[in-house]
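Following: one structure in structure tokens, then a few remarks.
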Amino acid sequence: MNTECVAMLLAGGQGSRLGSLTFNNAKPAVLFGGKYRIIDFPLSNCMNSDIDVVGVLTQYRPYILNNYIGDGSAWALDQVQGGVHILPPYMGQKGGRWYSGTADAIYQNLDFIHRFDPEYVLILSGDHIYKMDYSKMLAFHKQKEADLTIAVMDVPWEDAHRFGIVNTDEDHCIKEFQEKPERPKSNKASMGIYIFTWKELKKALLDDAGNRESEHDFGHNVIPMLHESGKRIFAYPYSGYWRDVGTVQSYYDANMDLLDCDCDFDLSDRNFRIFSNNTSRHPQFIGPQAKISNSLICDGCIIFGKVENSILSHDVVIHKKTSLKNVIVHTGAIIEDGAILENCIVGARARIKGDARYISDPTEPAPEIHVINN
Amino acid sequence: MNTECVAMLLAGGQGSRLGSLTFNNAKPAVLFGGKYRIIDFPLSNCMNSDIDVVGVLTQYRPYILNNYIGDGSAWALDQVQGGVHILPPYMGQKGGRWYSGTADAIYQNLDFIHRFDPEYVLILSGDHIYKMDYSKMLAFHKQKEADLTIAVMDVPWEDAHRFGIVNTDEDHCIKEFQEKPERPKSNKASMGIYIFTWKELKKALLDDAGNRESEHDFGHNVIPMLHESGKRIFAYPYSGYWRDVGTVQSYYDANMDLLDCDCDFDLSDRNFRIFSNNTSRHPQFIGPQAKISNSLICDGCIIFGKVENSILSHDVVIHKKTSLKNVIVHTGAIIEDGAILENCIVGARARIKGDARYISDPTEPAPEIHVINN
Amino acid sequence: MKNVAGLILNVDGEDDSLKDFLSHRSLSTLPFGGRYRLIDFTLSNMVNSGLSHIGVIGSHKYSSLVDHLGTGKEWSLSRKTQDLSILSGSNNYHIGRLIKVNLRNLQNNRGFLDATGAKHVLIATPNLVTTFDFRNAYDIHLKNDSDITLIFKKDDPLYHLKDNDLYLEFAKNRVSGLHFKREHTTGHFFTEMFFIKKSILMELLDLSERTGDWDLLDMIKYNIDTLRVFGAQHTGYIKRVNCLENYMKTSMDLLEYEIMQELFLGKNSIHTKIKDNHPTLYEDPAQVSNSIVGSGCIIEGNITHSIIFRDTKMNVGSHIQNSIIMQRCDIGRNVNLNYVVMDKDTKISDHTTLVGKPHAPIVLKKGTVI
Amino acid sequence: MKNVAGLILNVDGEDDSLKDFLSHRSLSTLPFGGRYRLIDFTLSNMVNSGLSHIGVIGSHKYSSLVDHLGTGKEWSLSRKTQDLSILSGSNNYHIGRLIKVNLRNLQNNRGFLDATGAKHVLIATPNLVTTFDFRNAYDIHLKNDSDITLIFKKDDPLYHLKDNDLYLEFAKNRVSGLHFKREHTTGHFFTEMFFIKKSILMELLDLSERTGDWDLLDMIKYNIDTLRVFGAQHTGYIKRVNCLENYMKTSMDLLEYEIMQELFLGKNSIHTKIKDNHPTLYEDPAQVSNSIVGSGCIIEGNITHSIIFRDTKMNVGSHIQNSIIMQRCDIGRNVNLNYVVMDKDTKISDHTTLVGKPHAPIVLKKGTVI
């Protein structure tokens, strides 16, 4: 088992901007691309990066997430003594505290990391869609003899003000941070992926925990503190597909990217597979009158209607005389005879009556996305 | 998968009367009988009772416990969609609350039970050592058409004042409750094992949650409330080995029962096995000068000294010229050359120096139990 | 059903027409229905009926079986309680004579029968396509205090029974005779699933050892008067896959929604090994109708009345009709297939046309490249 | 080691002295050391060296192997990424001639080799008792750009090598010859573990198919001048179990604390299937010294210099010395055993005395009742 680097995955967030998609479910457990859940991406990245120990920090409605992660075997993360460990907030002798910031969540689980006594700790968040071989970032971190390495990517200059921006020298050493700057000096944005040297992380978290004015957030508190104290902080340049799916629109767009042949995000690449945790379902049944075009469809679906440019999750039933266009349907939803849907997200196990009509105005440049739940 | 009856196992307690044995560990995860942990008993009981879905409610230092329970496969509780589910306190849209009582813990997880929609719910606690086929209790509950069935056992009259006592009619129907009565009217004590009809449980918990004066405890609040409202509450008579292991002395005594041939608690019975979750270890190695008598010894031990009437957990090393008598040694402890121990509990991974002398005064009728940790 | 152990037999070699599919696997692991293996039906039926101690007898081509079943986790069988045993079968087949229930296979595995605390054994073949809850039949078995309860089905021409299929004769509610089709037919045929008391099975095993006759059904026939043999009726869909024609017909049955519903959409599902693929992508100008499609496919062509397994790639301009395409096939551009069965990992290059017949589809062996 | 696939061979039938243990199992699953099976050492060594794609070739007696390995979970091998494949071996043995590395076994499993993306294959036999980290040997293999790297060990009389063991001859650091002991001995013998480039292995496989010579070591010998064959030294404890005498001696080695330490108490542990038993109960008047004892035993007698597997019951007044008692044996009162090897599920009634010889212990077959 490889314990050189332990990953800590922050999966506690509510994701309130995803509205009813996170009503009963933590954001990392929201369905994506039909069969996946958002957390499949960082977990599969860990698997593809030879990281064998992953702590998953949860606190918001974790039942679906915990159940989904299970013993980690879905991502081959079930080594004896290693694998995935779910880390909820807990009570100690002096009572318990909820996780109050990203750094606090890790701080409360220093004991966990200590059990594996790694040399490096990788901090991840559970709300981005991307493929990344963290072992390359780790090699970069080691080569630079860094205390902290932050993965960064170039964003369009006009969006830079929405990100944490770093300025580096030619050696990728970070010289300056700007958190959501009005006038960004660079377009290198932090992706929220950090590799710390373990002894530096421990020291920083103990210092931060003792600081009453800190909000215990990596981006706002811990990293600026380390920067001020002169630690070696480097920026690891990443290029490739990376999407934040924090809002309904960005979630919808990232899903629709999967139907775009020109998009460089390929789920069918056998050399870097994204795994997920599935139970066995029957294959999709396509009825005599069904019409399917440019769509992504999962096992367990039964389709008698027309499906165009849409993504159907498991066990979706599309009855006759229906028409779906630019629609994302979550698991187990039923679209009854005659329903017409455009630009919608249909929630899990929703039942759409046959008289449903969600038709967008074609003259509108960016149609509104309707989220339909029962 | 059998979802007629779902079990809810209350495993959140700190067990502060067990002192340093629960410093870093929840009580249900404390070692017992060498290789077992206390929670093995209710979980194995579930397995032997054909109960396929178990929710385990945790909140005090749950890491060892969660890790130990894993995917439930150690107790054959890993059915697709069923098996063991760990249920920590969680945050919802309106923030989170810690479990504030046994009934509150179940109340906060009504959603979980609802997913399986059982007919009956079995409530267990994680701090007793016993074997019980709950399916017989369930058959009794059904036969009596009860709303609630409480397992009871006869305790010595002189101890009855320490228990919740029930008085029943000839049909086992409960007529009266006495919580730790000064003058018990019977010696039938509640074992803290309840079977509820699900719809009655749901109603009772909703009522209790709305009652501001309730401490949300089954024994103190919910059951008296049901009794007052005239529900059918029955006492299921149990006889057999049952021990509370809530104090150091009772924990020590119950362990030592395993070395007593006359005790009717048999771990080697193949028809009702107690399973536990182990990783593979080498078999015990017994050196040329070792002397072992009347002891229970686990895999991974290496013994060169004298071991008498003692229980050694996994990976214990007993060096030469040592003497252990009436001692419980937890996993990974090392007893160095020359140490002499009597009537001790040695904590996990403790290292006992060769000059250690814990010798009891033989004239004392009940020697004190020393708990030794590093 | 705690008192019943399940035993799934190994029934290779019944018919030569499937031999192209059976060079690397046994009949039990023949791919079926877009993602299953044949044995999934019998095994899932046993599990769904509450059996938790099941032995599966493999052939010498055991790799695919072992790989498929693993420790039985996908069927909710536990490694801890040794719910699933993969047993080594016997290689002693009698040339030219088919033994339906070969006791030599059981002989090798007395240990399995000895170890189970069960009083009854449910024996079934691995090539039955059906969903069946054994609990009613077991109640009948117990109520009659049967030694053996044979599960039977009312005959219908659609079953295409063969000369060596068995028919049941009843007298006063008990089974009074077992006849090969070639000898004598009645209105009810034997489904190759039956309950037997373990004590009787052990006795018959001992008898076989002494007499050298290893056919359990023979033994039952010889002793039909002294044994208490009863029947229990199967009223749902059931097909036995024992030749290419039956394989093709049974596969195509799934494209009828009512049959698909009965087999896959009931209370109990058919479990199988989980393969983790991306969702199937239908890219323009794909047109698919009346078909079953597995996951992980990328489809750009036209498919009608066909079964496509996982991870198949199909390019623009190609047409597939009335065909079965197993996993990981690669179909080029402008390919035409009609009545073709392709084993897995098969590749067809551009502009190829293959047209078989309904009763004699063209078979492409595993790994073929055309 | 991502670039290396592991392959564990099936090596039954080398010696008749073990045949009583091998009627129901292959050599790879012979119980050893109180709780292990022989294959645990080779398999754990591969896993502990970082291999994650391993094929195990089984014999036609595959049940015990399948049951033991499951999906490899206890060895941290994942079902999801198909880390472990149990492969069907060939039954084509040449009578009277032992083939150490029979390419027919690999021939059947080209699919395994094709599927792996690895560039190198680590091949080893399943009957080696050792802990060995392959990483150094692999570095040597890569550094030399070897086609084949044979792992060897300095000879010592304690190894009791046999006529058909192989010795290595070196010239200018390269391996220049491979000789059977009966022909020619050198100071270094071949441990039956080696790295080979996959491309070379595939070439040799093709060559075998054309020539009909299936012995890989023969092929290497014939081509020793053209192939780049190097050696990597093993400096720790290693024994090969290939006959009863070796089995007995190797087992008793474990009772020497230094050997026990090297094998079981190092950084990497030997994994095995988990059996869940109660802790062993030593009841008065038990006396046990210099022994290895599994869990689940209930011991009331005297044991010296012996290996007792799990779930054994031993009654008052009995003495066991210099013996190996496999799992679930039952030993009555006042029994005396010296130099006895009991296979599992064996029962000895009161007042029995059995005394074998150090070089020829008495062997009791599985299930014997005396």
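Every chain is numbered from 1, with letters handed out A, B, ... down the list of sequences.
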Would A/Tyr90 and B/Tyr63 count as a close aromatic pair, with their ring centres under 6.0 Å?
no
Ignoring hydrogens, what is the shortest heavy-atom contact between A/Ile86 and B/Asn66? Give both atom names and the distance.
O-ND2, 4.2 Å
So for B/Ile69, is it side chain, backbone, both, or neither that comes closer than 4.5 Å to the heavy atoms of chain A?
neither
Where does B/Thr22 contact chain A at under 4.5 Å (heavy atoms): side chain, backbone, both or neither?
backbone
With a sphere of 6.0 Å drawn around OH of B/Tyr107, does it hold more than 12 non-hydrogen atoms of other residues, nucleotides or ligands?
no
So does A/Lys202 have more than 12 non-hydrogen atoms from other groups sitting under 6.0 Å from NZ?
yes
Measuring heavy-atom distances to chain B, does [X] have an atom under 4.5 Å in its side chain, in its backbone, in both, or in neither?
{"X": "A/Asp111", "answer": "side chain"}
{"X": "A/Tyr60", "answer": "both"}
{"X": "A/Leu87", "answer": "side chain"}

Among B/Gly96, B/Gly70, B/Ala26, which residue has the highest count of heavy-atom pairs closer than 4.5 Å to chain A?
B/Gly96
Relative to chain A, which of B/Asn67, B/Asn109, B/Val80, B/Asp78 shows the most heavy atom pairs under 4.5 Å?
B/Asn67
